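The shown structure was predicted, so the numbers you read here are calculated from the model rather than taken from an experiment. A, B, ... follow the sequence lines: proteins, then strands. Residue 1 opens every chain.
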2 protein chains.
Amino acid sequence: MNTVKKSVSQLKREAIIEAAKKMFKEQGVASTSMDKLAEVAQVSKRTVYNHFATKEALVMYLLGEFWLEAISFNQGVYDPDQDLLIQLREIILTEIGVINSVEHIDMARLIIGHLFYSCEQMSQEIEKMKQHETATLRWIKAAQADGRITVKDVQHANQQMMHLIKGQAFWPQIMACDPLLTEDEKRHLAHETAKMFLSRYQ
Amino acid sequence: MNTVKKSVSQLKREAIIEAAKKMFKEQGVASTSMDKLAEVAQVSKRTVYNHFATKEALVMYLLGEFWLEAISFNQGVYDPDQDLLIQLREIILTEIGVINSVEHIDMARLIIGHLFYSCEQMSQEIEKMKQHETATLRWIKAAQADGRITVKDVQHANQQMMHLIKGQAFWPQIMACDPLLTEDEKRHLAHETAKMFLSRYQ
DNA sequence: CAAAGTAAACTATATGGTGTAGTTTATTGT
DNA sequence: ACAATAAACTACACCATATAGTTTACTTTG
């Protein structure tokens, strides 16, 4: 019933947003003209400008949208009684699930494509992203506090882990448009990463 | 003497190339107009077009240029009599030297900025780059053949190492315009990476 | 003098954004 | 149930600006 009730205006707006997501992702913001956008959304150009004052406003709206979709806090808790490999593997797998999701990759591509030459803003966005790589960090700290792993620089160790993950589950998708990982690939990556990490720090 | 003798035409050409390198790197190809380029190079626009038929031709020339500069094959040889950590660290350090050089980062930024939305071409360029990550691979194979490390999937292990390196010596410079690593940072990264690798596979 | 450079105007096209006049849709008072 | 009204949509012309590339008429230089 909620789906039927949408006003025309609401529908148009959604069409615009969908079209923008699609075009911006595929061709980038700069090479997507507002005319083309309106055409894809099957909406008059004027309507686009009725909903979003400028192109930049549309882009900014999308950035906000994507953040909401992409950022799911994952809570992985350290368990002193369970095998380290098993629980780390699980935590990593969840992290991969976030990083390697359509939403996250789409958002990252939008941001990178749009801000590639604006180092300042890009750095900020990257900071934002990094603040969500916190589940693994907490786990490392907990395991460290429990004395089951020995890490000198906790931040650095966490970064190493993230690099191992992103090298396979993020950068190839961002740069070469590689397909998302299959569940098997995710599990394998989680396993290998956990093993490497523990080999070093356990 | 070589520096004095250059013809005016040659000088102009170089000025154009320098300006293009600079502008393309800083603002990207798309946002650098040929007018602006000529202005920066302190050369008339027509002269630019005398040397390069189109903007794309200029870009392509630069891509070639950068490849020549950036690609130095590094030969690191496995030594059966030396400590593994010491020699691996050395090889990694050389690899970092290549990846984290101005030339390599500049080239990568040019390519990525220009081809970000052309997945096909981008993939090709990435392939090219990867074919030069061969020194570490050779070393791993040799050490493996010598029985001093135990790696099931050699390619994958090499990738893991590269991810650890690039996570710190490539992506931050590409994306957030972080400064190049200092010699100390390079050594530290090489050490940490080698340690992690050997912890896992020795 | 011939090759190369220069400034400046010019062409053709694309694009972000606006203005207008007319049409559709939803709401509301009777 | 229905006409009136406001809001939103459409088509389309229009403006200002930008940009790749060309042409021209003139100058510099080896």
Side-chain angles (χ1 to χ4, degrees), chain A residues 1-63 110 113-118, chain B residues 1-63 110 113-118:
Chain A
M1 36 204 69
N2 209 347
T3 55
V4 184
K5 207 169 83 175
K6 283 170 186 161
S7 72
V8 172
S9 187
Q10 214 30 250
L11 286 175
K12 299 278 172 185
R13 186 186 175 86
E14 279 164 25
I16 293 167
I17 290 167
E18 278 315 303
K21 273 188 193 177
K22 187 175 178 238
M23 302 298 290
F24 288 173
K25 184 175 65 176
E26 286 173 8
Q27 316 190 353
V29 176
S31 350
T32 303
S33 73
M34 294 299 264
D35 288 276
K36 187 71 190 170
L37 190 76
E39 187 194 320
V40 171
Q42 300 207 63
V43 141
S44 84
K45 187 173 158 186
R46 212 63 183 76
T47 300
V48 177
Y49 278 100
N50 276 344
H51 284 283
F52 301 94
T54 67
K55 194 184 191 183
E56 194 58 21
L58 176 53
V59 174
M60 285 310 158
Y61 173 81
L62 283 190
L63 278 187
L110 180 65
H114 191 51
L115 302 181
F116 191 67
Y117 296 105
S118 320
Chain B
M1 39 205 68
N2 209 345
T3 55
V4 184
K5 203 169 85 175
K6 284 169 185 161
S7 72
V8 173
S9 187
Q10 214 28 251
L11 285 174
K12 300 277 174 186
R13 186 186 175 87
E14 278 164 26
I16 294 167
I17 291 167
E18 277 316 303
K21 273 187 191 175
K22 186 174 178 238
M23 303 297 291
F24 288 172
K25 183 176 66 176
E26 286 173 10
Q27 316 190 354
V29 177
S31 344
T32 303
S33 75
M34 295 301 264
D35 288 276
K36 187 73 191 168
L37 190 75
E39 187 193 318
V40 170
Q42 300 206 64
V43 140
S44 83
K45 191 172 157 186
R46 200 61 186 85
T47 300
V48 177
Y49 278 100
N50 276 342
H51 285 283
F52 300 95
T54 68
K55 192 185 192 183
E56 194 58 21
L58 176 52
V59 173
M60 285 311 157
Y61 172 80
L62 283 189
L63 278 188
L110 181 66
H114 190 53
L115 302 181
F116 190 68
Y117 295 106
S118 320

Earlier contact from the 5' end, DNA chain C, for A53(A) and S9(B):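 Upstream on the strand: S9(B).
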Rounded to whole angstrom units, what separation is found between the [atom1] atom of [X] and the [atom2] atom of [N]?
| X | N | atom1 | atom2 | value |
| --- | --- | --- | --- | --- |
| M34(A) | dT18(C) | CE | C1' | 13 Å |
| R13(B) | dA3(C) | CZ | C1' | 16 Å |
| R46(B) | dA20(D) | CZ | P | 15 Å |
| E39(B) | dA8(C) | CD | P | 12 Å |
| Y49(B) | dA8(C) | OH | P | 18 Å |
| K36(B) | dA20(D) | NZ | C1' | 17 Å |
| L37(A) | dT10(D) | CG | P | 13 Å |
| K55(B) | dA18(D) | NZ | P | 15 Å |

Any side-chain to backbone donor/acceptor pair from K12(B) onto H51(B)? Under 3.5 Å, distance only.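 Looks like no, no N/O pair under 3.5 Å.
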Between dG5(C), dG21(D), dT10(D), which nucleotide has the shortest distance from any of its atoms to the side chain of K45(B)?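 Side chain of K45(B) sits closest to dG21(D).
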As a test of reading the structure: which of dG16(C), dT6(C), dC9(D) is closest to the side chain of T47(A), going by heavy atoms?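 It is dC9(D).
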Using a 4.0 Å heavy-atom cut-off across all strands, classify T32(B) as base, sugar-phosphate, or nothing.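 Contact class for T32(B): sugar-phosphate only.
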With heavy-atom distances below 4.5 Å as the criterion, would you say the side chains of I17(B) and R13(B) are in contact?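 Touching, per the 4.5 Å side-chain cut-off.
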